[in-house]
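Data block below; observations after.
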Amino acid sequence: MTETTIFTGFDLAERLKQNIKMRIDALGRQPRCNLFLDSRNAGASAYAQRLAGSAASVGIDMVMREYAGSAGELRRQLQEEADAVMTLFPMPDFIDRNEVAALIGAERDVDGQHPLNAGKLALGIVGYRAAATARACVLVMSEIMGSLKGLRVVVVGASPVVGRPLALMLLEKEATVTVCHVATVDLASHTREADVIISATGVAGLIRADHIREGAVLLDVGIVRTEKGLVGDIDLDSVQGKAAVVTHVPDGVGPVTTACLLENIVAAAEARS
Ligand code: NAD
C-alpha cells in the first residue's frame with residue numbers, strides 16, 4: 001500500500017508570479033492582453049474572470065472583449081493594439097482557427113497555437129512561445145520528480161493544446177514518451193508501464209487503479225463539470241493507496257497553467273520593447 005499525496009500547484013504558481021512581477025518591473029510598463037470570449041458561455045465567463053484577477057495581481061492589463069458577430073468585424077478586433085491576444089472557447093464558427101492564429105501572429109500568441117511557435121517546438125528550435133498547459137505539466141512534473149531524464153511517461157490525449165505539445169516538451173527533457181488517444185487499443189496496457197501518467201481527455205474517471213503501477217505519479221489535466229462539482233480524468237477514490245502522487249482538480253495543474261499564460265503575455269510584451 002502506497003501513501004498517496006495530493007499535489008496542489010499554488011506554491012509553484014506563486015513563485016512563477018513573483019518572477020513575472022520582477023520582469024514587469026524591468027519592462028517599465030504594463031503589458032496588455034486582449035482576451036476574447038463569448039460571455040453567454042458560463043464556463044468561459046468564469047474562466048475569464050479568474051484570469052483577469054490573476055493578471056491584475058501581477059500588473060498585467062487584461063482587457064475582456066466580446067467576440068464580434070461577423071467575420072469582418074472579428075478580423076478587425078483581433079488586429080487591435082495589444083501585446084498579446086487570447087481567444088477562449090467557444091469561438092464563433094464563422095471564422096477558421098488558422099485565420100485567427102494568423103491574425104494574432106506568432107509574437108502575440110499566448111498559448112503556442114501559432115504554426116510558427118508549434119513548428120519551432122516540433123523542430124527543437126529554441127525561443128518558441130509554449131502551449132501553457134503543456135508547459136505547466138512539465139513544470140509540475142519537475143517540481144515533483146526533479147529530472148525527467150529517462151522516465152517512462154504516458155500522455156493520454158493528443159490535442160494540439162495539451163497532449164501534442166506536451167509530448168514534444170517531454171522529449172526535450174529526455175523522457176521516454178508514449179501518446180495515447182481515443183483510438184488507442186487497451187489503454188491500460190500502456191499506462192501500467194508508466195512512471196508518470198498525464199491525462200488530458202476530459203473523460204471523467206478514465207484512469208483507475210487497474211491502469212497504474214504501484215507508486216506511479218499521476219497528473220490530472222482534465223476538468224469536467226458534474227453534479228458533484230469539478231472532477232478530473234483520474235478516479236481519485238480508485239487510485240488512492242496505489243499512486244504516489246495525484247494532482248488536485250482543479251487546483252493542481254490549473255494555477256500553474258494560469259501562471260504560464262501570464263508568463264507568455266510578459267514575454268510578448270518584452271519582445272516588443
Ligand atoms: P480535446 O477534446 O481537444 O482532446 C481530447 C483528447 O483526449 C483527444 O486527443 C482524444 O483522442 C483523447 N480521448 C478522448 N477520449 C479518450 C479515451 N476514452 N481514452 C483515451 N483518450 C481519449 O480536449 P483538450 O482541449 O485537450 O482538453 C482536455 C481536458 O483538459 C478537458 O477536460 C479540458 O477542460 C482540460 N484542460 C485543462 C487545463 C488545465 O490547465 N488544467 C487546460 C486545458 C484543458
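Every number for a ligand or one of its atoms is a count from 1 in the order of the listing.
- The protein non-hydrogen atom at the shortest distance from atom 42 (C) of ligand 1 is Thr133 OG1, 3.1 Å.
- Remark: ligand 1 atoms within the under-4.0 Å shell around heavy atoms of Val156 are 20 (C), 21 (N).
- For ligand 1, the atoms closer than 4.0 angstrom to any heavy atom of Gly157 are 6 (C), 7 (O), 9 (O), 12 (C).
- Across Val162, Ile223, Asp251, Thr258, heavy-atom proximity to atom 44 (C) of ligand 1 is greatest for Val162.
- In this structure, Ile207 CD1 and Ile198 CD1 are separated by 11.5 Å, a value rounded to the nearest 0.5 Å.
- Looking only at protein heavy atoms, the nearest one to atom 28 (C) of ligand 1 is Ala200 O, 3.5 Å.
- Shortest non-hydrogen contact noted between Leu166 and Cys137 is CD1-CB, 3.7 Å.
- For atom 29 (C) of ligand 1, the nearest non-hydrogen atom from the set Gly254, Gly202, Gly163, Ala204 belongs to Gly202.
- With ligand atoms numbered from 1 in the order given, ligand 1 contributes 18 (N), 19 (N) to contacts under 4.0 Å with heavy atoms of Leu206.
- Counting the atoms of ligand 1 from 1 in the order shown, those under 4.0 Å from a heavy atom of Thr257 are 39 (C), 40 (O).
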Please tabulate, for side-chain N and O atoms in residues 6-16, each donor-acceptor pair with protein atoms closer than 3.5 Å (sequence neighbours left out).
{"residue": "Glu14", "atom": "OE2", "partner": "Gln18", "partner atom": "NE2", "Å": "2.9"}
{"residue": "Arg15", "atom": "NH1", "partner": "Glu143", "partner atom": "OE1", "Å": "3.4"}
{"residue": "Arg15", "atom": "NH2", "partner": "Glu143", "partner atom": "OE2", "Å": "2.5"}

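- Take Asn98 and apply the side chain to side chain donor-acceptor pair (under 3.5 Å) test, not counting sequence neighbours, and it matches no residue.
- Protein heavy atoms are found inside the 4.0 Å sphere centred on atom 4 (O) of ligand 1.
- When side chains are defined from C-beta on, Met86 counts as touching Leu51, because their heavy atoms get closer than 4.5 Å.
- Distance from atom 11 (O) of ligand 1 to its nearest protein heavy atom, with residue and atom name: Val182 N, 3.0 Å.
- Residue, atom and distance of the protein heavy atom nearest to atom 1 (P) of ligand 1 are Ser159 CB, 4.0 Å.
- Contacts between Val224 and ligand 1, counted as non-hydrogen atom pairs separated by less than 4.0 Å, are absent for every part of the residue.
- Of the protein's non-hydrogen atoms, Val221 O, 3.6 Å is the one closest to atom 30 (O) of ligand 1.
- Counting only heavy atoms from C-beta outward, the side chains of Asp233 and Val221 never approach each other to under 4.5 Å.
- Side-chain atoms of Gln79 come within 3.5 Å of backbone N or O of Arg75 as a donor-acceptor pair.
- Taking 4.5 Å as the limit, every side-chain heavy atom of Ile212 sits out of range of all side-chain heavy atoms of Thr191.
- Under the side chain to side chain contact (heavy atoms under 4.5 Å, CB included) test applied with Val156, the options Val179, Thr201, Val203, Thr178 reduce to a single match, Thr201.
- Looking at Val217 and Asp195, their side chains never come closer than 4.5 Å, going by heavy atoms from C-beta outward.
- Checking atom 32 (O) of ligand 1 against the protein gives a heavy-atom contact under 4.0 Å.
- Protein heavy atom nearest atom 2 (O) of ligand 1, with residue, atom name and distance: Thr201 O, 4.7 Å.
- Considering backbone and side-chain atoms alike, Ala158 places an N or O below 3.5 Å from some N or O of ligand 1.
- The part of Val203 lying near ligand 1 is the side chain, judged by heavy-atom distances below 4.0 Å.
- Looking only at side-chain heavy atoms (C-beta outward), Leu151 and Met145 come within less than 4.5 Å of each other.
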